[in-house]
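Atom set for the values below is all heavy atoms of this structure, side chains included, hydrogens, waters and symmetry mates excluded.
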Amino acid sequence: MNRPVLSAVIIAFNEEGNIDRCISSLDGIADEVLVVDSGSTDRTVDLAEAAGARVLFHSFEGHIEQKNWAAGQARGAWLISLDADEAIGPELRTSLLKWKEGDRDGDGYEFNRLTSYCGHWVRHGGWYPDRKCRLWRAGQAQWAGENPHDRLELNSGRSPHRLRGDLLHYSYHEIEDHIRQIRFFTDIAATEYRGPVWMTWGLIRPFKSAFQWVKNALLRGGWRDGWAGWTIAKWSAYATAEKYRKAAAWRRKKAALKRSGREEVRRLLVCRTDAIGDVVLTLPIAGRLADHFEVDVLVRAYAAPVARASQSVKRVLEWDGHEPLDLSVYDAAILAFPDVDVAKALKEAGVPLRLGTGRRWPFRRYINLRHGVSRKYSGQHEAWHGLDLAHVLQPVPGWIEPGAVPSTSPSDWAKWTGLQAEPWGEVQKRVEGAASWLIPGRSHVILHPGSNNSATNWSIHQYAELMRSLINDGHRVIWTGTAQEAAAWPELPSWCQEVDAVNATGALKLEELMSLIQEVDGLVASSTGPLHLASALGRACVGLYGTDAPTWPERWHPMGYRAAWIATSDRTQSGHLAIEVTEVSSALAELGVRTPAQ
């Protein structure tokens, strides 16, 4: 079998929008196209194979390492390297074809790279000609540099020859692509930084950033590219600031671990010491990080059953329990709630990395990784805020995931809680009368009217009206709540004399309530613990909300794909939410909570 003259080598990860264009541009030029994929979850591999490429898998260890490994798998006498978002331009194509037909003297060749920024080809600001040595004789060069900024070095040490034409770089379709790349590259650059410490100082970073802007916008003529040039200069300055900020943070994290005799984070403690619903909305942190660390959770005793039901949590510590806590075993702690006593205990125990909000005093005295984002009026969900806080820890020895950002998917959040309650069939044997609550073949809906005054709500009489509507439609209704809450509803026992109404208030422990929620078809409540439990357990649920921050649904709506919520600014004469019963019953029906007759 004759050896191919030219092999094209492409490294890729989730490049379904680019890979076909890249491979197509090599048609008639390359005798072999090799794509090395690092685990794409989109159609990259299928599209590459359909375009005729040979596809290999290799775990990503860094741009330099990946490209050197890929080059070693190619069969050609000559190699040309392209990124998946690049393509051969017309003039460069002509040059490559002439080169292939000629003597092919020399060990390597370079050519210009022309980048598209939001549809504008950028020819100034230091982005052009951006010459790249990408064509070389097999075995006569290797990738070097400092990740993520790789460069090809010829073994001969001689300068590469030059080919006319442009390598087209379709890198930024929108500004968010640029920001995403900045996040990715600055994470890598921070962990690879070997420069002087003073360059990362907070007082120096603004000057570095300002000089980067002047250099790109003015000295290198970025202004000639108009809007694109000014925008590139702005974000390049930001990238410079981020690189050195993250490099400083990386050094601090490594130093804190080293002082305690540790090399990396292995055991992580997630702390949430307020309400049950808050604990549910914090559990996605454990699920998100379970592949990187051994994750334990610190909660109040009353919320411990929730944490213990999570498959994402290794151990549960009770903050107000009777057992002494050895917090010194943890390499890092995430304080999702600014509990001063917990933060102080972690510091005194010598936990090297303690992450929390930097906006609360004296809480911030006891933490050494501070996050400045405010939750109250942000419009972001509480689960997202928890994940956003956790991502401040990255990169850290033990978790390096370049470009990682908190998921905005409520389905991801619900999945990462890992909640799984004990089967109701076992629980009902322990609760007096519970065996008759659920009837096979019937639809069951829980009404949980209590909220411990933590959220705006319906009145008990509005819930009663919903009960009658649901019963008329053929559902069975189960009332839940604490014994203390039930004492405030003297009418409830008489309402539950009706057929298909069950009064379970005060009858269940938290873990038993979770099992019941897991078994029923739906649940209706205001923004309270049982609502968030239902959504995390995959049950259909409808939440009732006011529209005003900070108790608005933007921050507190239930998670998951079977969750809905209704919000209003209107109030009844008694000051309760003015939401019609028909809205709630319709929302349940849209979530699939129907009787056989429906």
Check the orientation of Trp399 and His292. Use parallel for under 30°, tilted for 30 to 60°, and perpendicular for over 60°. tilted

Assign the ring pair Tyr117 / Tyr172 to parallel, tilted or perpendicular, where the plane angle (0 to 90°) is split at 30° and 60°. tilted

Nearest heavy-atom pair of [X] and [Y]: which atoms, and what distance?
X: Pro553; Y: Trp565; value: CB-CD1, 3.6 Å
X: Glu554; Y: Gly379; value: CB-O, 3.7 Å
X: Ser535; Y: Ala563; value: CB-CB, 4.3 Å
X: Pro410; Y: His557; value: CG-CE1, 4.2 Å
X: Ser171; Y: Thr115; value: CB-CG2, 4.3 Å
X: Ile11; Y: Ala70; value: CG2-CB, 4.2 Å

Side chains of [X] and [Y] in contact at under 4.5 Å (non-hydrogen atoms):
X: His391; Y: Arg288; answer: yes
X: Leu387; Y: Asp412; answer: no
X: Leu346; Y: Val342; answer: yes
X: Lys246; Y: Asp187; answer: yes
X: Ile88; Y: Leu82; answer: yes
X: Ser81; Y: Trp136; answer: yes
X: Trp78; Y: Tyr109; answer: yes
X: Leu167; Y: His169; answer: no

Please report the C-alpha distance between Leu389 and Thr357 in whole Å, then the side-chain angles of each, then the deciding distance to 0.1 Å, and finally whether the side-chain contact (heavy atoms from CB on, under 4.5 Å) criterion is met. CA-CA 8 Å; Leu389 176 65; Thr357 178; 5.9 Å; no

Ionic contact status for [Y] with [X], cut-off 4.0 Å:
X: Arg220; Y: Asp225; value: no
X: Glu294; Y: Arg266; value: no
X: Asp31; Y: Lys100; value: yes
X: Arg183; Y: Glu176; value: yes

So, [X] side chain and [Y] main chain: donor-acceptor pair closer than 3.5 Å or not?
X: Trp127; Y: Gly229; value: no
X: Tyr193; Y: Pro196; value: yes
X: Arg3; Y: Arg75; value: yes
X: Asn14; Y: Thr41; value: yes
X: Ser7; Y: Leu79; value: no
X: Arg272; Y: Leu335; value: no
X: Asp42; Y: Glu16; value: yes
X: Asp177; Y: Glu174; value: yes
X: Arg555; Y: Gln380; value: no
X: Tyr366; Y: Arg354; value: no

Less than 6.0 angstrom separating the ring centers of [X] and [Y], yes or no?
X: His63; Y: Phe185; result: yes
X: His120; Y: Trp227; result: no
X: Trp250; Y: Tyr244; result: no

Evaluate the criterion side-chain contact (heavy atoms from CB on, under 4.5 Å) for residue pair Thr551 and Asp548; output intermediate values, then yes/no. CA-CA 6 Å; Thr551 57; Asp548 297 331; 5.7 Å; no

Can you tell me if [atom1] on [X] sees more than 12 non-hydrogen neighbours from other groups inside 6.0 Å?
X: Arg43; atom1: CZ; value: no
X: Arg180; atom1: CZ; value: yes
X: Arg370; atom1: CZ; value: yes
X: Gln140; atom1: CD; value: yes

Roughly how far apart are [X] [atom1] and [Y] [atom2], rounded to 0.5 Å?
X: Leu152; Y: Ile64; atom1: CG; atom2: CD1; answer: 11.0 Å
X: Thr191; Y: Lys254; atom1: OG1; atom2: NZ; answer: 9.0 Å
X: Glu110; Y: Leu163; atom1: CD; atom2: CG; answer: 9.0 Å
X: Ser25; Y: Asp20; atom1: OG; atom2: CG; answer: 10.0 Å
X: His161; Y: Cys133; atom1: NE2; atom2: SG; answer: 10.5 Å
X: Arg360; Y: Ile367; atom1: CZ; atom2: CD1; answer: 11.5 Å

Run the side-chain contact (heavy atoms from CB on, under 4.5 Å) test on Gln73 and His58 for me, step by step, so that the C-alpha distance in whole Å, both residues' side-chain angles and the decisive distance to 0.1 Å come before the verdict. CA-CA 11 Å; Gln73 315 310 308; His58 189 254; over 6 Å; no

With salt bridge (Lys or Arg N to Asp or Glu O under 4.0 Å) as the criterion, how do Lys253 and Asp331 come out once you've worked through the C-alpha distance, each side chain's angles and the decisive distance to 0.1 Å? CA-CA 11 Å; Lys253 294 169 190 175; Asp331 307 309; over 6 Å; no

Exactly one of Arg21, Lys132, Arg113 clears salt bridge (Lys or Arg N to Asp or Glu O under 4.0 Å) with Glu86, and that residue is Arg113

For [X] and [Y], test the side chains for any donor-to-acceptor distance below 3.5 angstrom and give the result as yes or no.
X: Asp150; Y: Gln66; value: no
X: His371; Y: Asp388; value: yes
X: Arg262; Y: Ser260; value: yes

May I ask you to check if Arg267 and Tyr330 form a cation-pi contact, with NZ or CZ under 6.0 angstrom from the six-membered ring centre and within 45° of the axis? yes

Trace of the side-chain contact (heavy atoms from CB on, under 4.5 Å) decision for Thr282 with Val297: CA-CA 10 Å; Thr282 300; Val297 170; over 6 Å; no

